[in-house]
Every structure is written in structure tokens, then in C-alpha cells.
Number of protein chains: 2
Amino acid sequence: MKAKVMRLSECPREPEAFAEKATEFIKENVDPNEKVICALSGGTDSSVVARLFQEAIQERLYPIHIDTGFMRKIGGNEEPKLVEELFEDLDNFELIDRKEIFFDNVFGVEDAEEKRKKFRSTYVDVLNQKIEEIGASVMAQGTIKPDVLETESEIKSQNNVYTDFKIDKLVEPLAGLYKPEVRKVGKYLGLPESTYLRQPFPGPGLSVRTVGKITKKKLDIEKEANDLVERLIENYFRESYGREYLWDEESGNRIPFQYFASTLDSARRGSTEVNGYLKALGVEAKSWELENRATGVKENGEKRSRVYAHPILLEGDLETELLFYLGEEIPKRFEFSRVLYKLGEWEEGNQIVGIRGVRSNDAITAEPLNIPIDNLREFGWKILDRISVETVAYDLTPKPPGTIEYE
Amino acid sequence: MKAKVMRLSECPREPEAFAEKATEFIKENVDPNEKVICALSGGTDSSVVARLFQEAIQERLYPIHIDTGFMRKIGGNEEPKLVEELFEDLDNFELIDRKEIFFDNVFGVEDAEEKRKKFRSTYVDVLNQKIEEIGASVMAQGTIKPDVLETESEIKSQNNVYTDFKIDKLVEPLAGLYKPEVRKVGKYLGLPESTYLRQPFPGPGLSVRTVGKITKKKLDIEKEANDLVERLIENYFRESYGREYLWDEESGNRIPFQYFASTLDSARRGSTEVNGYLKALGVEAKSWELENRATGVKENGEKRSRVYAHPILLEGDLETELLFYLGEEIPKRFEFSRVLYKLGEWEEGNQIVGIRGVRSNDAITAEPLNIPIDNLREFGWKILDRISVETVAYDLTPKPPGTIEYE
């Protein structure tokens with residue numbers, strides 16, 4: 001389908017002035033007879049967009065949250081419920097449960113790219129069905145400036161693009177803002193801090209953190225593990241600073257940038273090449289090549305290319321200094337995508353929980369969080385105590401040569 | 001003076017083949033009637049060059065070590081003595097004590113650039129005097145490939161360049177090698193590991209680590225502090241890995257890359273701008289702007305420029321994660337050159353010892369060592385116990401936005 005794209009690309013930086021301008025922009029670009037669909041992910045950008053459209057066109061807005069079954073728990077609550085609570089004051093808000101169809105299409109898939117594709121095509125089908133049901137001809141979308149720069153930098157407002165959705169117009173009021181500015185607008189619009197400072201979360205949700213062939217059982221473990229890891233890390237920050245995270249309002253940085261659990265199958269074999277390397281370094285440690293493959297990124301000069309390879313699991317009494325060195329060197333030197341360090345292990349289950357926490361300003365480069373190793377070991381035992389997995393490990397890989405997410 | 005430059009730029013990578021080729025190259029480029037001076041710094045490159053010339057031309061080589069008074073202590077021993085022990089088997093080796101003249105020229109200087117210039121001109125004078133005394137017409141120099149690439153990439157062997165030295169020829173057998181290869185050649189030539197794996201040390205020695213107006217008293221403190229910091233960090237590695245450092249022979253990386261003490265004057269004033277920033281972040285900490293200025297580096301897109309500004313001293317109960325974040329953000333955001341974190345303080349002396357330890361592959365980028373904060377605090381108390389200084393702090397600044405050395 002061809003659709004007109006309307007982007008508000010030149011706009012004031014101050015939240016109040018921006019909100020006013022954006023409301024005008026929406027009014028100008030949506031005709032009185034048009035219905036607008038807005039797919040709310042639960043993240044900052046789409047939540048801000050929904051509130052701006054509500055202000056501008058009220059009951060002609062149809063905000064939808066699709067429960068894909070791959071959303072996370074936040075503080076023990078299912079995210080779809082939280083999104084519902086946040087938007088139930090809107091006339092046409094609807095929470096659509098499509099877990100079954102997403103599960104049918106995604107379970108059993110092993111390859112990372114295929115997982116993303118299956119998820120995407122299901123999402124398009126579900127949303128198109130809803131667009132027809134409502135009779136919407138416009139879609140409100142939370143595209144922000146970095147998205148525009150990364151993908152289709154030549155497209156100007158009013159140009160036509162092909163989209164997967166059965167609509168005539170895409171209206172993107174945030175297309176001129178960077179993340180910190182969107183966060184400030186969200187604050188100004190009265191969204192709760194947990195929404196306007198929400199950490200980034202991938203579109204296909206926990207499916208890309210459940211590494212390898214995905215099943216319902218593995219997804220359930222991933223969901224529990226992710227919730228627990230988020231709470232452990234928030235707790236560590238609360239004990240250290242009295243707050244779950246720090247927000248540098250001026251730069252828009254949230255510390256930590258992102259933190260979550262991934263789960264991998266525990267099947268592995270000793271890695272002779274990495275063992276040889278560790279031996280040459282004079283280090284007493286064992287290394288295992290995991291059977292799953294995960295995504296990484298390689299740098300050759302200025303160019304970056306995607307790597308889809310096995311992670312390495314390290315085991316031994318290593319100090320932080322060397323751990324971070326190995327997290328950087330091993331994926332640079334060998335064909336492995338990332339390095340995990342075993343924090344603890346138990347005799348049941350056959351999954352590995354990987355704790356991933358990073359510092360970053362822009363997601364282009366990232367460093368693993370420097371949480372002291374004793375705290376990490378404690379996290380390990382707490383996870384093993386509550387979830388039936390074999391191993392808990394900490395992901396040591398910076399980006400590059402790793403990626404933040406797993407698939 | 002114009003001098004011919006002879007560089008061995010295409011050469012075998014294997015130590016044995018390289019040594020053979022380099023020996024031939026030296027024989028070909030030094031005439032039977034020529035005397036060759038070689039200024040030994042005590043570092044890897046010049047030590048390797050001296051051994052190669054010895055092999056090639058024996059008694060026509062004049063290896064000189066100038067005691068500038070700014071060398072460090074290594075394991076409690078003065079470096080000039082160590083260099084003498086290493087090379088006393090050579091016919092013409094001479095240790096020249098020129099401490100007085102270096103001290104006369106450098107003491108009292110405050111500005112970093114001027115300090116480097118005074119040191120350099122003194123060095124040139126001393127060496128030229130020696131060149132005349134010996135009647136040398138050739139200089140053997142340990143230039144390696146990165147030096148060549150960084151400075152005068154167009155110059156080919158046999159071309160003429162202006163040099164400060166009164167010689168006809170500069171012979172540079174290592175000009176085609178990178179550091180790891182030089183280290184392997186050093187090992188092959190039978191140099192002790194402490195020489196072929198020696199950490200980099202700046203030309204003007206401890207003078208550039210004694211920040212601010214330099215005096216004999218301050219230099220003495222710096223020398224003691226540097227020796228102590230090296231031993232504390234080596235001890236930490238020994239306890240963790242059974243060895244003072246790790247050597248990744250394949251990449252040539254030595255972990256840690258560099259570690260030393262700097263000393264600064266303790267004069268300071270509260271920094272309202274950084275305090276405001278810390279408050280906005282919600283962090284309970286104080287910040288002080290030091291009176292001295294030190295070097296840093298700023299990145300604007302692809303370009304880097306030198307910064308000569310005040311360091312910031314942080315004080316408070318901060319966790320590692322935030323410390324490393326602040327070490328990166330403060331010099332990026334404000335006009336400060338680096339960030340130090342107070343580990344301990346005592347009521348005597350008016351110097352600050354800054355502990356600097358970094359990981360790096362190439363000195364172009366560097367990360368502060370992740371030594372656990374409890375170990376660092378212990379270092380702090382051990383230093384305060386032995387040296388009369390007011391404060392001990394840890395340098396948190398990565399490169400960029402900081403530099404590794406202080407001036």
C-alpha cells in the first residue's frame with residue numbers, strides 16, 4: 001500500500017511549545033471524517049503520541065494495545081495490564097489479546113532473522129484486521145528523529161512510501177525530536193515517570209531474548225527471569241542511590257541504559273580454541289561454546305557487519321579486570337558473538353540465564369555495567385533459588401563487538 | 001642539521017628472521033669508519049635497537065643512558081642503575097649523570113607545554129655534547145611503525161630530514177614493526193621480560209606526572225608515589241592471577257596497559273557547576289575544581305583537540321557504576337580535563353596522589369582499570385601511611401575525553 005507520510009520535523013525544543021505545535025500539526029493533517037489508529041507498545045514514544053492525538057482529535061483516535069504474549073512483566077505485573085491502566089480513560093482504547101496467533105506463528109522457530117520476520121508479519125496481519133474493523137485511514141506513529149536518520153533520510157513530509165498497513169496516511173509528530181526531548185514532553189503531558197523514562201524494549205519483545213528454538217516453556221522461564229533481573233538491578237541501584245535508576249535530564253541519559261535477562265539452552269562443548277587462548281594468557285579458566293547462536297557485530301575499519309555465532313561461557317576464578325578484557329577480546333579475535341561469565345550453577349533445568357546490563361548514551365556503543373562481582377554472584381544465587389535453570393551468567397560483552405540484544 | 005634517514009620498513013615478522021635481516025641492514029648502512037651513538041631510555045624499543053647494533057657493529061656502538069633525574073624507580077630501584085646493569089657488558093656503555101642541568105632547566109616551570117620544551121632542549125644539548133665527544137656521525141634510534149605513521153608518513157628511507165642532532169645519519173631498524181613484534185624480538189634477543197614487556201613511559205619522565213609548578217620536593221614525592229602505586233597494582237594482579245601482569249602474546253597486549261601515580265597540588269575550590277549537575281542527578285557528592293591544570297582531549301565528530309584545564313575531584317559515597325559514568329560525562333560536558341575520586345585523606349602534606357591505571361590496546365583509546373573500590377581504598381590508606389600527602393584519589397577518566405598521561 002502507498003501512504004502519505006506527514007512528519008513534524010522542524011519544531012520547538014521546549015515541551016510546552018512543542019505540545020502546542022504538535023497538536024496543531026495533528027489537527028491540520030487529520031481530516032474531520034478520518035479515524036486514526038495508534039498501536040501503543042507501552043514504550044515512551046507511542047505513549048506520548050497517543051496523548052498528543054487525544055488532545056487534538058479526541059474520539060476519532062483508536063488507541064490499540066496488542067497483547068502479543070511476548071511482552072514483559074514489570075515489577076511483577078504483566079505489561080498489557082499496565083498499558084490498559086494508563087490509557088483506560090481514552091474513549092476507544094482497546095486491549096487486544098492475540099497471544100494465541102503470535103504463539104502459533106513464532107514457537108518452534110530457531111533462526112533469529114526468521115523469528116523477527118514471523119513476528120512482524122503476524123503483527124501486520126493483526127493490525128490490518130483492526131484497521132478494517134475500525135475503518136481507520138490514518139495511523140499515528142511514534143517515529144523519532146534517530147529512526148528517520150537511520151532509515152529513510154531522503155523522505156520528506158508529504159511524500160508517498162510503501163507501508164505494510166492498509167492506511168492512506170502515516171502521521172508522525174515526533175519525527176523531529178531526539179529521545180531526551182520526547183521524555184520531557186511525556187513528563188509535561190503527565191505520563192508517569194515509569195512510562196516517560198521506560199527503558200528501550202525490542203519490538204518482537206521477549207522472543208528475541210529467548211535464544212534458540214522458542215517454546216512456551218522457555219518463554220515462561222525468560223519472562224520470570226527478566227522480571228527478576230530487572231528487580232535485582234533496580235534494587236542494587238536503590239540501595240546504592242536511593243533510586244531505581246539515575247536520570248541525567250540534560251543529556252537524557254538514564255543509568256543504566258538497559259538491563260534484562262536473556263535465556264539460552266545450556267547445551268555446550270569445550271572450546272579448544274578459547275581454552276588455548278586462556279592458557280597462553282596464563283589464566284586458569286575453562287571455556288564452553290554454547291550450542292545456540294546469538295547476534296553480534298564486527299567492525300572492519302569504519303564498517304560494521306552482523307555476526308550470528310555461538311556465545312562463549314567462561315568458568316573460573318577471574319577478577320573483574322580480566323573479565324572485561326576477555327568480554328572485549330574473545331568476540332573480536334574469534335568467531336563468537338559474546339562472552340558470558342558463570343556466576344552460579346544448580347543441578348536442575350537446562351537453560352542458562354544471561355544477565356545483561358549496559359551503560360550507553362545512544363545504543364550505538366555500550367559498555368557492560370560495572371556491578372561488583374560479589375553483587376552479581378548474589379544475583380546468581382537468588383535467580384537459581386527461584387527459577388529452575390542450570391546456570392546464571394553475566395554478559396561481559398561491550399558493543400561493539402557485541403550487540404545489546406541477543407537476536 | 002640535515003641527516004639521512006635509513007629505515008628498515010619491509011621486514012620478516014618472525015623474530016629470528018627479523019633479527020638476521022636487521023643485523024644485515026645495520027651492517028649495510030653503517031660504514032666501517034663510522035661511530036654510532038644510541039640513546040637508551042630503558043624502554044623496550046631502544047633496548048632492542050642497542051642489542052641489534054651490538055650484534056652488527058660491536059665496538060663502534062656507543063650506548064648512552066642519560067640520567068635526567070626524572071626517571072622512575074622500578075621495584076624500589078632507580079631505573080638508571082637497572083639500565084646500567086642490563087648493558088654493562090657492552091664495550092662503550094656509559095651512564096651519564098645530568099640530573100643537575102635537567103633540574104636547573106625544568107624546576108620552577110608550571111605550564112605543561114613549556115615543561116616538555118625545556119626537557120627536550122636540555123636533552124638535545126646533552127646528547128649533542130656527547131655526540132661531539134665521541135665523534136659519532138650516526139644515531140641508532142628505536143622508531144617503530146606507529147611513530148612513522150603518526151608523524152611523517154611520506155618520508156621514505158634515504159630521504160633527508162632536519163633533526164636536532166649533530167649527526168649525518170639516523171638508522172632505524174624497527175621502523176617496520178609494531179610493538180608486539182618488537183617485544184617478541186626483545187624476547188628472542190635474550191632481554192629480560194621486565195624490559196621487553198616494560199610499560200610505556202613518557203620521554204620527559206616523571207616531570208609530566210608532577211602536575212603544576214615543579215620542584216625537587218614535589219618530584220621526590222611523585223617518585224615515591226609512582227613506585228608505590230606500581231607495586232600496589234602489581235601486587236593486586238599477583239594475588240589475583242599469580243603474576244604481576246598478563247601478556248596476550250598474540251595481540252601484544254599487556255594487561256594493564258599502563259599504571260602509575262601522578263601528583264597534583266591540593267589547592268581547590270568547590271565547583272558550583274559540577275555540584276549543580278550532581279544535584280540534578282540526585283547524587284549526594286561534593287566536587288572540587290583543582291587549582292592545577294592538566295591535559296585532556298576533546299572529540300568533535302572525527303576531530304580531536306587538546307584541552308588544558310582543571311581536573312575535578314569527587315568526594316562522596318558513590319558506587320562504581322556511577323563513578324565510571326561521571327568520569328566520562330564530566331569532562332565531556334564541562335571544561336574540565338579529568339575526574340578523580342577521593343579514596344582517602346590525611347591531615348598533612350598539600351599534594352594529591354592520583355592513581356592512574358588503564359586498559360588499552362593502542363593508547364588511542366583507553367579505559368580506567370576496574371579494580372574493585374575496596375582494593376582501591378586500601379591502596380589509598382597504604383599510600384597515606386607511607387607518604388606525606390593530603391589526599392589519594394583514583395582517576396576515572398577514559399580516553400577520550402581524558403588522556404592517559406597528565407601533561
*Would one find more than 12 heavy atoms of other residues, nucleotides or ligands at under 6.0 Å from atom CD of B/Glu299?*
yes
*Go through the atoms of B/Glu319 and report whether side chain, backbone, both or neither lie under 4.5 Å from a heavy atom of chain A.*
both
*What part of B/Glu328 lies closer than 4.5 angstrom to a heavy atom of chain A: side chain, backbone, both or neither?*
side chain
Residues 367-380 of chain A side chain polar contacts: donor-acceptor under 3.5 Å, at least two apart:
{"from": "A/Arg377", "atom 1": "NH2", "to": "A/Tyr341", "atom 2": "OH", "distance (Å)": "2.9"}
{"from": "A/Glu378", "atom 1": "OE2", "to": "A/Lys382", "atom 2": "NZ", "distance (Å)": "3.4"}

*Do B/Glu329 and A/Ile255 have side chains that get closer than 4.5 Å, going by heavy atoms?*
no
*Among residues 186-197 of chain B, which residues come closer than 4.5 Å to chain A, judged by heavy atom distances?*
none
*With a 4.5 Å heavy-atom cut-off (strictly below), which parts of residues 237-245 of chain B touch chain A? List them by number.*
B/Phe237, B/Ser240, B/Tyr241, B/Arg243
*Under the side-chain hydrogen bond (donor to acceptor under 3.5 Å, both in side chains) rule, what pairs show up with a residue in residues 394-403 of chain B, not counting sequence neighbours?*
B/Arg338-B/Asp395, B/Arg338-B/Thr403, B/Arg356-B/Asp395, B/Asp395-B/Thr397, B/Asp395-B/Tyr406
*Kindly indicate, with the supporting measurements, whether the criterion side chain to side chain contact (heavy atoms under 4.5 Å, CB included) is fulfilled by B/Glu321 and A/Leu246.*
CA-CA 11 Å; B/Glu321 198 41 45; A/Leu246 294 160; over 6 Å; no
*Starting at CG of A/Leu281, measure out to CG of B/Asn253 and round the result to the nearest 0.5 Å.*
9.0 Å
